[in-house]
2 protein chains.
Amino acid sequence: MQQPRRNTWQREAVRAALVQTPGFVSAQQLHQVLRDAGTTIGLATVYRALAGLSETEEVDSLQSPDGENLFRFCAMPGHHHHLICRACGDTRELSATVVEEWTRRVGAEHGFSDIEHVVDLFGICERCRATA
Amino acid sequence: MQQPRRNTWQREAVRAALVQTPGFVSAQQLHQVLRDAGTTIGLATVYRALAGLSETEEVDSLQSPDGENLFRFCAMPGHHHHLICRACGDTRELSATVVEEWTRRVGAEHGFSDIEHVVDLFGICERCRATA
DNA sequence: CGCTAGAGTGAGAGTCATTCTCATTTAGAA
DNA sequence: TTCTAAATGAGAATGACTCTCACTCTAGCG
(Lines give C-alpha, C1' and ligand atoms only; values in the text may rest on other atoms or scores of the structure.)
Protein backbone atom coordinates (compact mmCIF):
# COMPACT_ATOMS: atom_id res chain seq x y z
CA MET A 1 0.00 0.00 0.00
CA GLN A 2 1.43 3.37 -0.97
CA GLN A 3 0.91 6.66 0.82
CA PRO A 4 -2.75 7.54 1.13
CA ARG A 5 -3.79 10.52 -0.98
CA ARG A 6 -6.51 11.65 1.36
CA ASN A 7 -6.65 12.28 5.06
CA THR A 8 -9.55 10.88 6.98
CA TRP A 9 -10.51 11.05 10.63
CA GLN A 10 -10.42 7.25 10.70
CA ARG A 11 -6.75 7.08 9.89
CA GLU A 12 -6.04 9.76 12.46
CA ALA A 13 -8.11 7.94 15.05
CA VAL A 14 -6.12 4.77 14.58
CA ARG A 15 -2.85 6.63 14.92
CA ALA A 16 -4.12 8.44 18.02
CA ALA A 17 -5.33 5.25 19.68
CA LEU A 18 -2.01 3.63 18.96
CA VAL A 19 -0.01 6.49 20.48
CA GLN A 20 -2.00 6.23 23.68
CA THR A 21 -1.40 2.51 24.00
CA PRO A 22 1.77 1.55 25.86
CA GLY A 23 2.39 -1.99 24.59
CA PHE A 24 1.63 -4.01 21.51
CA VAL A 25 -2.03 -4.35 20.51
CA SER A 26 -3.83 -6.40 17.93
CA ALA A 27 -5.89 -4.85 15.18
CA GLN A 28 -8.97 -6.41 16.73
CA GLN A 29 -8.27 -4.84 20.14
CA LEU A 30 -7.68 -1.48 18.55
CA HIS A 31 -10.92 -1.77 16.64
CA GLN A 32 -12.77 -2.61 19.85
CA VAL A 33 -11.23 0.38 21.64
CA LEU A 34 -12.26 2.69 18.83
CA ARG A 35 -15.80 1.32 18.78
CA ASP A 36 -16.04 1.64 22.53
CA ALA A 37 -14.95 5.25 22.14
CA GLY A 38 -18.11 5.78 20.14
CA THR A 39 -16.75 5.78 16.61
CA THR A 40 -18.29 3.75 13.82
CA ILE A 41 -14.96 2.79 12.30
CA GLY A 42 -14.89 -0.52 10.45
CA LEU A 43 -12.54 -3.38 11.14
CA ALA A 44 -11.30 -3.38 7.56
CA THR A 45 -10.37 0.27 7.90
CA VAL A 46 -8.36 -0.42 11.03
CA TYR A 47 -6.45 -3.09 9.15
CA ARG A 48 -5.90 -0.77 6.22
CA ALA A 49 -4.69 2.04 8.46
CA LEU A 50 -2.32 -0.24 10.33
CA ALA A 51 -0.92 -1.65 7.11
CA GLY A 52 -0.30 1.87 5.90
CA LEU A 53 1.34 3.02 9.12
CA SER A 54 3.41 -0.12 9.19
CA GLU A 55 4.64 0.53 5.69
CA THR A 56 5.74 4.07 6.48
CA GLU A 57 7.42 2.67 9.59
CA GLU A 58 5.38 4.82 11.92
CA VAL A 59 4.44 1.67 13.77
CA ASP A 60 6.25 -1.56 14.54
CA SER A 61 4.53 -4.83 14.01
CA LEU A 62 5.28 -8.34 15.15
CA GLN A 63 3.58 -11.70 15.30
CA SER A 64 2.46 -12.93 18.66
CA PRO A 65 3.19 -16.59 19.40
CA ASP A 66 -0.40 -17.46 18.56
CA GLY A 67 -0.23 -15.98 15.11
CA GLU A 68 -1.87 -12.62 15.69
CA ASN A 69 -0.29 -9.50 14.26
CA LEU A 70 0.48 -6.95 16.94
CA PHE A 71 1.20 -3.25 16.46
CA ARG A 72 2.83 -0.54 18.46
CA PHE A 73 3.59 3.13 17.95
CA CYS A 74 7.22 3.38 17.04
CA ALA A 75 9.37 5.89 18.88
CA MET A 76 12.78 4.84 17.63
CA PRO A 77 13.26 5.49 13.93
CA GLY A 78 15.08 3.00 11.74
CA HIS A 79 15.83 -0.63 12.34
CA HIS A 80 15.61 -1.93 15.90
CA HIS A 81 14.41 -4.77 18.08
CA HIS A 82 12.16 -5.23 21.09
CA LEU A 83 12.18 -6.52 24.60
CA ILE A 84 8.59 -7.23 25.53
CA CYS A 85 7.02 -8.12 28.86
CA ARG A 86 4.91 -11.24 28.46
CA ALA A 87 2.67 -10.18 31.32
CA CYS A 88 1.93 -6.48 30.80
CA GLY A 89 3.09 -5.97 27.22
CA ASP A 90 5.45 -3.18 28.22
CA THR A 91 8.08 -2.78 25.53
CA ARG A 92 11.64 -1.48 25.36
CA GLU A 93 13.17 -0.65 22.03
CA LEU A 94 16.67 -1.93 21.49
CA SER A 95 19.35 -1.22 18.99
CA ALA A 96 21.64 -4.18 18.70
CA THR A 97 24.85 -3.69 16.83
CA VAL A 98 26.13 -7.04 18.06
CA VAL A 99 23.22 -8.84 16.50
CA GLU A 100 23.43 -6.95 13.23
CA GLU A 101 27.07 -7.90 12.92
CA TRP A 102 26.45 -11.51 13.81
CA THR A 103 23.71 -11.59 11.17
CA ARG A 104 26.03 -10.27 8.49
CA ARG A 105 28.80 -12.64 9.44
CA VAL A 106 26.64 -15.77 9.55
CA GLY A 107 25.01 -14.84 6.26
CA ALA A 108 28.37 -14.46 4.59
CA GLU A 109 29.69 -17.70 6.05
CA HIS A 110 26.84 -19.65 4.54
CA GLY A 111 26.82 -17.79 1.23
CA PHE A 112 23.39 -16.28 1.83
CA SER A 113 22.49 -12.82 0.62
CA ASP A 114 19.63 -10.43 1.30
CA ILE A 115 19.59 -11.40 4.94
CA GLU A 116 16.69 -10.26 7.02
CA HIS A 117 16.36 -11.12 10.64
CA VAL A 118 13.64 -11.50 13.18
CA VAL A 119 14.95 -10.80 16.65
CA ASP A 120 12.61 -10.25 19.54
CA LEU A 121 13.00 -10.86 23.25
CA PHE A 122 10.18 -11.77 25.58
CA GLY A 123 10.46 -11.74 29.37
CA ILE A 124 8.88 -10.62 32.59
CA CYS A 125 9.55 -7.06 33.65
CA GLU A 126 10.53 -5.99 37.15
CA ARG A 127 7.13 -4.60 38.03
CA CYS A 128 5.25 -7.72 36.97
CA ARG A 129 7.70 -9.92 38.81
CA ALA A 130 7.00 -7.95 41.99
CA THR A 131 3.25 -8.23 41.50
CA ALA A 132 3.30 -11.96 40.95
CA MET B 1 0.04 -32.36 25.00
CA GLN B 2 1.96 -34.86 27.09
CA GLN B 3 3.65 -37.98 25.78
CA PRO B 4 1.22 -40.15 23.86
CA ARG B 5 0.32 -43.37 25.56
CA ARG B 6 -0.13 -45.30 22.35
CA ASN B 7 1.91 -45.60 19.22
CA THR B 8 0.09 -45.31 15.97
CA TRP B 9 1.24 -45.60 12.40
CA GLN B 10 -0.08 -42.10 11.84
CA ARG B 11 2.29 -40.56 14.32
CA GLU B 12 5.15 -42.52 12.79
CA ALA B 13 4.12 -41.48 9.29
CA VAL B 14 4.26 -37.82 10.25
CA ARG B 15 7.69 -38.22 11.75
CA ALA B 16 8.91 -40.12 8.70
CA ALA B 17 7.56 -37.55 6.25
CA LEU B 18 9.20 -34.81 8.26
CA VAL B 19 12.58 -36.53 8.28
CA GLN B 20 12.49 -36.81 4.51
CA THR B 21 11.72 -33.15 4.03
CA PRO B 22 14.75 -30.86 3.80
CA GLY B 23 13.27 -27.48 4.73
CA PHE B 24 10.40 -26.17 6.79
CA VAL B 25 6.93 -27.39 5.86
CA SER B 26 3.47 -26.43 6.94
CA ALA B 27 1.08 -28.88 8.54
CA GLN B 28 -1.13 -28.57 5.49
CA GLN B 29 1.68 -29.46 3.10
CA LEU B 30 2.64 -32.41 5.22
CA HIS B 31 -0.94 -33.59 5.25
CA GLN B 32 -1.11 -33.29 1.48
CA VAL B 33 2.11 -35.27 1.08
CA LEU B 34 0.80 -38.01 3.31
CA ARG B 35 -2.52 -38.17 1.46
CA ASP B 36 -0.71 -38.24 -1.88
CA ALA B 37 1.31 -41.14 -0.53
CA GLY B 38 -1.94 -43.03 -0.26
CA THR B 39 -2.61 -42.78 3.47
CA THR B 40 -5.97 -41.77 4.88
CA ILE B 41 -4.50 -39.70 7.68
CA GLY B 42 -6.63 -36.80 8.86
CA LEU B 43 -5.54 -33.21 9.02
CA ALA B 44 -6.35 -32.98 12.70
CA THR B 45 -4.08 -35.91 13.37
CA VAL B 46 -1.21 -34.27 11.55
CA TYR B 47 -1.66 -31.21 13.73
CA ARG B 48 -1.81 -33.35 16.85
CA ALA B 49 1.31 -35.27 15.87
CA LEU B 50 3.21 -32.10 15.09
CA ALA B 51 2.21 -30.52 18.37
CA GLY B 52 3.45 -33.59 20.18
CA LEU B 53 6.75 -33.75 18.33
CA SER B 54 7.22 -30.06 18.84
CA GLU B 55 6.72 -30.45 22.56
CA THR B 56 9.31 -33.20 22.85
CA GLU B 57 11.64 -31.00 20.78
CA GLU B 58 11.97 -33.58 18.04
CA VAL B 59 10.97 -30.90 15.58
CA ASP B 60 11.55 -27.17 15.36
CA SER B 61 8.70 -24.89 14.56
CA LEU B 62 8.52 -21.31 13.49
CA GLN B 63 5.97 -18.88 12.12
CA SER B 64 6.27 -17.88 8.51
CA PRO B 65 5.77 -14.17 7.80
CA ASP B 66 2.22 -14.87 6.68
CA GLY B 67 1.25 -16.49 9.95
CA GLU B 68 1.53 -20.15 9.03
CA ASN B 69 3.25 -22.51 11.43
CA LEU B 70 6.14 -24.32 9.82
CA PHE B 71 7.87 -27.46 11.05
CA ARG B 72 11.18 -29.13 10.43
CA PHE B 73 12.88 -32.23 11.72
CA CYS B 74 15.42 -31.11 14.24
CA ALA B 75 18.96 -32.43 13.85
CA MET B 76 20.73 -30.25 16.39
CA PRO B 77 19.62 -31.01 19.92
CA GLY B 78 19.10 -28.18 22.38
CA HIS B 79 18.59 -24.51 21.77
CA HIS B 80 19.59 -23.09 18.38
CA HIS B 81 18.55 -20.78 15.60
CA HIS B 82 18.01 -20.95 11.85
CA LEU B 83 19.16 -19.44 8.62
CA ILE B 84 16.48 -20.12 6.05
CA CYS B 85 16.44 -19.60 2.30
CA ARG B 86 13.37 -17.63 1.34
CA ALA B 87 13.36 -19.21 -2.11
CA CYS B 88 13.96 -22.91 -1.59
CA GLY B 89 13.41 -23.27 2.15
CA ASP B 90 16.84 -24.81 2.69
CA THR B 91 17.81 -24.40 6.32
CA ARG B 92 21.06 -24.21 8.28
CA GLU B 93 21.02 -24.68 12.01
CA LEU B 94 23.06 -22.19 13.96
CA SER B 95 24.31 -22.03 17.47
CA ALA B 96 24.86 -18.45 18.47
CA THR B 97 26.72 -17.82 21.65
CA VAL B 98 26.98 -14.13 20.81
CA VAL B 99 23.24 -13.80 20.64
CA GLU B 100 22.64 -15.78 23.81
CA GLU B 101 25.00 -13.49 25.68
CA TRP B 102 23.49 -10.36 24.24
CA THR B 103 20.07 -11.64 25.27
CA ARG B 104 21.17 -12.23 28.83
CA ARG B 105 22.87 -8.87 29.09
CA VAL B 106 19.99 -6.87 27.65
CA GLY B 107 17.52 -8.71 29.88
CA ALA B 108 19.57 -7.92 32.95
CA GLU B 109 20.01 -4.28 31.98
CA HIS B 110 16.28 -3.78 31.78
CA GLY B 111 15.46 -5.83 34.84
CA PHE B 112 13.63 -8.49 32.84
CA SER B 113 13.69 -12.15 33.82
CA ASP B 114 12.68 -15.38 32.10
CA ILE B 115 13.97 -14.08 28.82
CA GLU B 116 13.05 -16.05 25.74
CA HIS B 117 14.15 -14.98 22.33
CA VAL B 118 13.03 -15.45 18.78
CA VAL B 119 15.98 -15.20 16.43
CA ASP B 120 15.70 -16.35 12.85
CA LEU B 121 17.49 -15.26 9.72
CA PHE B 122 16.00 -15.32 6.24
CA GLY B 123 17.99 -14.88 3.07
CA ILE B 124 18.69 -16.24 -0.40
CA CYS B 125 21.13 -19.13 -0.62
CA GLU B 126 23.95 -19.39 -3.12
CA ARG B 127 22.20 -21.92 -5.31
CA CYS B 128 19.01 -19.91 -5.61
CA ARG B 129 20.95 -16.75 -6.34
CA ALA B 130 22.66 -18.53 -9.24
CA THR B 131 19.34 -19.79 -10.58
CA ALA B 132 17.66 -16.40 -10.52
C1' DC C 1 -19.01 28.18 -2.52
C1' DG C 2 -20.94 24.24 -5.07
C1' DC C 3 -19.65 20.31 -8.12
C1' DT C 4 -17.46 16.15 -9.20
C1' DA C 5 -14.19 12.28 -9.58
C1' DG C 6 -12.64 8.76 -7.37
C1' DA C 7 -10.08 7.57 -2.99
C1' DG C 8 -11.65 5.81 1.21
C1' DT C 9 -14.95 3.50 4.02
C1' DG C 10 -17.70 -0.24 6.26
C1' DA C 11 -20.88 -4.28 6.55
C1' DG C 12 -20.77 -8.50 5.59
C1' DA C 13 -19.22 -12.39 2.86
C1' DG C 14 -15.18 -15.09 1.83
C1' DT C 15 -10.64 -17.33 2.83
C1' DC C 16 -7.63 -20.06 5.24
C1' DA C 17 -5.00 -22.11 9.09
C1' DT C 18 -6.02 -24.26 13.07
C1' DT C 19 -8.97 -26.40 16.71
C1' DC C 20 -13.01 -28.77 18.31
C1' DT C 21 -16.65 -32.42 18.35
C1' DC C 22 -18.00 -36.78 18.51
C1' DA C 23 -18.90 -41.22 16.42
C1' DT C 24 -15.83 -44.82 15.08
C1' DT C 25 -11.50 -47.29 15.16
C1' DT C 26 -7.79 -49.55 17.31
C1' DA C 27 -3.54 -50.11 20.52
C1' DG C 28 -2.33 -52.59 24.20
C1' DA C 29 -3.28 -54.77 28.66
C1' DA C 30 -5.58 -58.74 30.75
C1' DT D 1 -9.48 -62.86 22.01
C1' DT D 2 -11.85 -59.28 24.60
C1' DC D 3 -12.36 -54.99 26.53
C1' DT D 4 -11.72 -50.08 27.26
C1' DA D 5 -10.17 -45.78 26.73
C1' DA D 6 -6.80 -43.39 23.77
C1' DA D 7 -6.47 -41.95 19.16
C1' DT D 8 -8.33 -40.96 14.89
C1' DG D 9 -10.77 -38.44 11.14
C1' DA D 10 -14.63 -36.02 8.77
C1' DG D 11 -16.60 -32.14 9.02
C1' DA D 12 -18.18 -28.19 11.71
C1' DA D 13 -16.56 -24.29 14.34
C1' DT D 14 -13.42 -20.58 15.32
C1' DG D 15 -10.90 -16.58 14.62
C1' DA D 16 -7.83 -13.50 12.22
C1' DC D 17 -7.57 -11.32 8.22
C1' DT D 18 -8.91 -9.94 3.27
C1' DC D 19 -12.09 -8.95 -0.35
C1' DT D 20 -16.25 -6.91 -2.47
C1' DC D 21 -19.01 -3.36 -3.67
C1' DA D 22 -22.30 0.23 -2.99
C1' DC D 23 -22.08 4.37 -0.52
C1' DT D 24 -19.61 8.44 1.52
C1' DC D 25 -16.65 12.25 1.84
C1' DT D 26 -12.06 14.53 0.66
C1' DA D 27 -9.95 17.75 -2.02
C1' DG D 28 -9.15 20.02 -6.35
C1' DC D 29 -11.47 22.96 -9.76
C1' DG D 30 -14.22 26.45 -11.60
Side-chain angles (χ1 to χ4, degrees), chain A residues 1-18 21 23-56 58-72 89 118, chain B residues 1-18 21 23-56 58-72 89 118:
Chain A
M1 189 188 281
Q2 56 279 44
Q3 281 306 68
R5 304 140 204 235
R6 294 184 186 180
N7 301 320
T8 61
W9 63 264
Q10 285 95 333
R11 212 176 290 276
E12 208 39 58
V14 169
R15 195 203 311 273
L18 216 39
T21 308
F24 277 86
V25 254
S26 68
Q28 308 270 351
Q29 286 176 311
L30 216 46
H31 177 237
Q32 196 53 56
V33 166
L34 289 164
R35 296 303 281 241
D36 289 349
T39 65
T40 58
I41 196 168
L43 181 57
T45 303
V46 174
Y47 276 103
R48 280 187 286 244
L50 286 172
L53 291 167
S54 187
E55 196 140 308
T56 58
E58 290 178 82
V59 305
D60 289 325
S61 68
L62 59 80
Q63 283 179 68
S64 79
D66 60 354
E68 229 177 353
N69 268 318
L70 303 181
F71 301 86
R72 177 168 182 281
V118 178
Chain B
M1 189 189 281
Q2 56 277 51
Q3 282 306 69
R5 309 153 202 220
R6 293 183 187 179
N7 301 320
T8 60
W9 64 263
Q10 287 94 333
R11 210 176 290 275
E12 207 39 59
V14 169
R15 196 201 311 272
L18 217 38
T21 308
F24 277 86
V25 256
S26 70
Q28 307 271 351
Q29 286 176 311
L30 216 47
H31 178 238
Q32 196 52 58
V33 167
L34 289 165
R35 296 303 281 242
D36 289 350
T39 65
T40 58
I41 195 168
L43 181 56
T45 303
V46 174
Y47 276 103
R48 280 187 286 245
L50 287 171
L53 290 168
S54 188
E55 196 141 307
T56 58
E58 289 178 83
V59 304
D60 289 326
S61 68
L62 60 80
Q63 284 179 67
S64 77
D66 59 353
E68 230 178 351
N69 267 320
L70 303 180
F71 302 86
R72 177 168 183 281
V118 178

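Numbers restart at 1 for each chain; the letters A, B, ... are given by sequence-line order, proteins then strands.
Rounded to an integer number of Å, the gap from CG of A:Leu70 to C1' of D:dC17 is 14 Å. A:Leu30 has its CG atom 14 Å from the P atom of D:dA16, to the nearest Å. A straight line from CZ of A:Arg15 to C1' of C:dG8 spans 16 Å, rounded to a whole angstrom. Atom CZ in B:Arg11 sits roughly 10 Å away from atom C1' in D:dT8 (whole-Å rounding). Here D:dA16 presents its P atom at 14 Å from CG of A:Leu50, a figure rounded to the nearest Å. Taking atom OH of B:Tyr47 as the reference point, atom C1' of D:dA10 lies 15 Å away to the nearest angstrom. If you take CD of B:Gln63 and P of D:dC17, they are 11 Å apart, rounded to a whole angstrom. Here the P atom of nucleotide C:dA7 and the CZ atom of A:Arg6 are 7 Å apart, to the nearest Å.
For the pair B:Gln29 (side chain) and B:Ser26 (backbone), a donor-acceptor distance under 3.5 Å is present. A donor-acceptor distance shorter than 3.5 angstrom exists from the side chain of A:Arg35 to the backbone of A:Ile41, with no hydrogens or angles considered. A:Thr39 places a side-chain N or O within donor-acceptor distance of the main-chain N or O of A:Leu34, the cut-off being under 3.5 Å.
Each of C:dT9, D:dT8, C:dT18 was ranked by its minimum atom distance to the side chain of A:Gln10; first place goes to C:dT9.
Residues B:Ala27 and B:Leu50 come closest through the heavy atom pair CB-CD1, 3.6 Å. Minimum interatomic distance between A:Leu70 and A:Ser64 (heavy atoms only, all atoms of both residues): CD1-CB, 3.6 Å. The two residues B:Gln28 and B:Tyr47 have their closest heavy-atom pair at NE2-OH, 3.1 Å.
Residue-level contact check: B:Thr8 touches the backbone only, with heavy atoms under 4.0 Å from sugar-phosphate atoms and none from bases. Nucleic acid contact class of B:Gln28 (heavy atoms, under 4.0 Å, all strands): base.
Checking the phosphate oxygens (OP1, OP2) of C:dA17, no side-chain nitrogen or oxygen of B:Asn69 falls inside 4.0 Å.
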Handout entry: A:Glu58/A:Thr56 under side chain to side chain donor-acceptor pair (under 3.5 Å): CA gap, chis, key distance, verdict
Key = CA-CA 6 Å; A:Glu58 290 178 82; A:Thr56 58; 2.9 Å; yes

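Judged by closest nucleotide on DNA chain C, B:Ser26 is the one of B:Trp9 and B:Ser26 placed further toward the 5' end.
Across residues 34-44 of chain B, B:Leu43, B:Ala44 each have a non-hydrogen atom less than 4.0 Å from an atom of DNA chain C (numbered order).
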